[in-house]
J.: 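Provided herewith is a single structure, encoded as structure tokens, for subsequent inquiry.
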There are 2 protein chains.
Amino acid sequence: MTKSESSASSALPDADQQAANFKRVREAHQSEVAEDYVELIADLINTTGEARAVDIARRLGVAHATAVKTIARLQREGLVSSQPYRAVFLTEKGRELAVHSKRRHEIVVDFLRAIGISEKTAQRDAEGIEHHVSEETLAAFERVIRAESLAKKPRPTLADSAKEK
Amino acid sequence: MTKSESSASSALPDADQQAANFKRVREAHQSEVAEDYVELIADLINTTGEARAVDIARRLGVAHATAVKTIARLQREGLVSSQPYRAVFLTEKGRELAVHSKRRHEIVVDFLRAIGISEKTAQRDAEGIEHHVSEETLAAFERVIRAESLAKKPRPTLADSAKEK
DNA sequence: TACATTTTATAGCCCGTGCTATATTATTTA
DNA sequence: TAAATAATATAGCACGGGCTATAAAATGTA
Ligand SMILES: [Mn+2]
Ligand SMILES: [Mn+2]
Ligand SMILES: [Mn+2]
Ligand SMILES: [Mn+2]
């Protein structure tokens with residue numbers, strides 16, 4: 001294997017670069033909980049009409065006390081609003097974050113499906129992967145999704161659009 | 001858009017399934033630090049001969065006190081051994097985890113490169129993504145890498161191997 | 001309306017992983 | 001060898017996000 005070939009097993013990367021990468025991951029983990037919460041809250045509102053703490057807790061797989069505490073933090077951070085004994089709502093800021101998170105989530109899932117991952121695994125892995133995907137990578141994922149969907153369909157090429165009429 | 005088509009924007013997934021997915025992510029985050037540490041320690045030993053706390057801290061981008069504390073935990077968990085004022089070593093268990101982590105890390109990086117991500121971003125995103133990639137997805141990544149490397153090279157088909165001699 | 005059930009709130013705990021500040025020990029250099 | 005520098009250890013603090021247990025309020029039902 002020549003030096004320039006893949007999997008550079010030796011030779012550590014630049015220290016500062018590596019440190020920056022790890023820091024980025026840690027930062028992603030900070031925003032991660034917020035992203036998953038607002039995305040879920042938006043989904044609950046859209047489908048059931050409201051987002052109650054119990055449902056949020058149940059779908060996240062945490063104790064309701066944990067969910068309530070986190071919701072309090074999200075309120076502090078201006079992503080969510082909630083009055084005592086009422087359901088949880090998203091602020092404008094929260095809605096925006098939810099939209100972006102959901103879009104990214106779906107792209108990741110679609111991408112995993114496109115490369116042949118099973119539905120269940122795609123859902124599973126996407127829930128973690130999504131938070132570590134840069135804009136550049138997201139764009140590449142979208143390209144793959146488009147390429148795959150074109151390859152699958154019975155050639156809806158330019159010829160087809162010309163054929164109509 | 002028909003109901004069975006991509007990006008199911010409405011219709012929440014099964015609650016238990018969704019909860020299980022989130023739990024899986026949380027579990028991954030528990031093992032994540034250990035994986036990154038042992039991988040880095042192995043790299044440092046392989047290239048510089050030893051893994052000192054300062055270097056570990058520097059490359060992880062954390063204060064050395066933080067690194068030392070985590071190293072203590074890894075020792076408790078039997079992944080690492082270290083005596084006071086000496087460098088850090090991997091146990092057999094730690095070496096194994098390092099090997100697996102490194103392999104997975106490289107596959108993820110190679111995969112990102114294969115779909116056209118820049119070197120820097122591939123390194124960046126891989127550091128987080130790696131911890132959320134299941135075996136099934138990893139296998140799919142390897143397929144893509146192989147497919148891409150075949151497509152790129154000037155057709156090293158069976159014909160070529162026949163040509164020699 | 002009264003009672004039972006569900007939902008929400010709150011307190012108190014644990015653990016991991018950050019940090020700074022302050023010794024102490026090793027190592028390098030003058 | 002002595003002093004300066006570097007590396008390590010340790011203490012103490014903060015915060016996030018888990019948990020259980022308990023209390024209070026809201027809601028559903030008899
Ligand atoms: Mn997620
Ligand atoms: Mn998500
Ligand atoms: Mn990593
Ligand atoms: Mn992660």
Side-chain angles (χ1 to χ4, degrees), chain A residues 15 19-38 40-41 44-45 48-89 127-128 131, chain B residues 15 19-38 40-41 44-45 48-89 127-128 131:
Chain A
N21 292 348
F22 282 121
K23 279 188 176 156
R24 195 188 172 84
V25 174
R26 289 195 292 269
E27 281 164 20
H29 287 164
Q30 295 245 326
S31 3
E32 172 161 351
V33 174
E35 291 166 0
D36 286 337
Y37 268 74
V38 296
L40 176 57
I41 290 168
L44 284 169
I45 291 175
T48 74
E50 62 176 359
R52 296 178 312 159
V54 245
D55 296 323
I56 295 170
R58 183 161 122 272
R59 297 197 96 92
L60 283 166
V62 298
H64 80 277
T66 301
V68 166
K69 200 185 284 187
T70 301
I71 289 166
R73 175 174 70 91
L74 299 184
Q75 188 159 21
R76 259 186 279 141
E77 295 174 359
L79 291 167
V80 141
S81 78
S82 77
Q83 279 104 30
Y85 294 99
R86 306 282 338 262
V88 181
F89 298 93
E127 198 55 75
H131 309 282
Chain B
N21 291 348
F22 282 120
K23 279 188 176 157
R24 195 188 171 85
V25 175
R26 289 196 293 270
E27 282 164 19
H29 287 163
Q30 295 245 325
S31 3
E32 173 161 348
V33 173
E35 290 167 0
D36 287 336
Y37 267 74
V38 296
L40 175 58
I41 290 167
L44 284 169
I45 291 175
T48 75
E50 61 175 1
R52 296 178 312 160
V54 244
D55 296 323
I56 295 170
R58 184 161 121 271
R59 298 196 96 94
L60 283 167
V62 298
H64 80 277
T66 301
V68 166
K69 200 183 283 188
T70 301
I71 289 166
R73 175 176 69 92
L74 298 184
Q75 187 159 23
R76 259 186 278 139
E77 295 174 358
L79 290 167
V80 140
S81 78
S82 77
Q83 279 104 29
Y85 294 99
R86 306 284 335 264
V88 181
F89 298 93
E127 198 56 74
H131 308 282

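Letters go in sequence order (proteins before strands), and every chain restarts at 1.
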J.: I want to check something: taking the side chain as every heavy atom from C-beta on, are A/E127 and A/D36 in contact at a cut-off of under 4.5 Å?
T.: yes
J.: Answer yes or no: is there a side-chain heavy-atom contact under 4.5 Å between B/D55 and B/T48?
T.: no
J.: For residues B/I56 and B/I41, report the shortest heavy-atom separation together with the two atoms involved.
T.: CD1-CG1, 3.7 Å
J.: Can you tell me how far the CG atom of B/L74 sits from the OG1 atom of B/T70, to the nearest 0.5 Å?
T.: 6.5 Å
J.: Quick one: CG on B/N21 to CZ on B/R26, what's the gap to the nearest 0.5 Å?
T.: 10.5 Å
J.: How would you give the extent of chain B contacts on DNA chain C, as first and last nucleotide 5' to 3' within a 4.0 Å heavy-atom cut-off?
T.: C/dT17 to C/dT25
J.: Please tell me if the side chains of A/H29 and B/H29 come closer than 4.5 Å, counting only heavy atoms from C-beta onward.
T.: yes
J.: Closest approach of A/A19 and B/R58, non-hydrogen atoms and distance?
T.: CB-O, 3.5 Å
J.: At what distance, to the nearest 0.5 angstrom, does CD of B/Q75 lie from CD of B/Q83?
T.: 8.0 Å
J.: Short of 4.0 Å, heavy atom to strand atom, which residues of residues 65-87 of chain B count as contacting DNA chain C?
T.: B/A65, B/T66, B/K69, B/R73, B/Y85
J.: Heavy-atom contacts under 4.0 Å between residues 19-32 of chain A and DNA chain C, which residues?
T.: A/R26
J.: With sugar-phosphate meaning primed atoms plus P, OP1 and OP2, does A/A63 contact a base, only sugar-phosphate, or nothing at under 4.0 Å between heavy atoms?
T.: base
J.: Please evaluate the base of D/dA7 for a donor-acceptor partner in the side chain of B/H64 within a cut-off of under 3.5 Å?
T.: no
J.: In terms of the nearest nucleotide of DNA chain C, which residue is placed more toward the 5' end: B/V33 or A/R52?
T.: A/R52
J.: Is there a side-chain contact between B/Y37 and B/L60 in this structure, where contact means two heavy atoms from C-beta onward sitting under 4.5 Å apart?
T.: yes
J.: In Å and rounded to the nearest 0.5 Å, what is the CZ to CD distance from B/R24 to B/E27?
T.: 8.0 Å
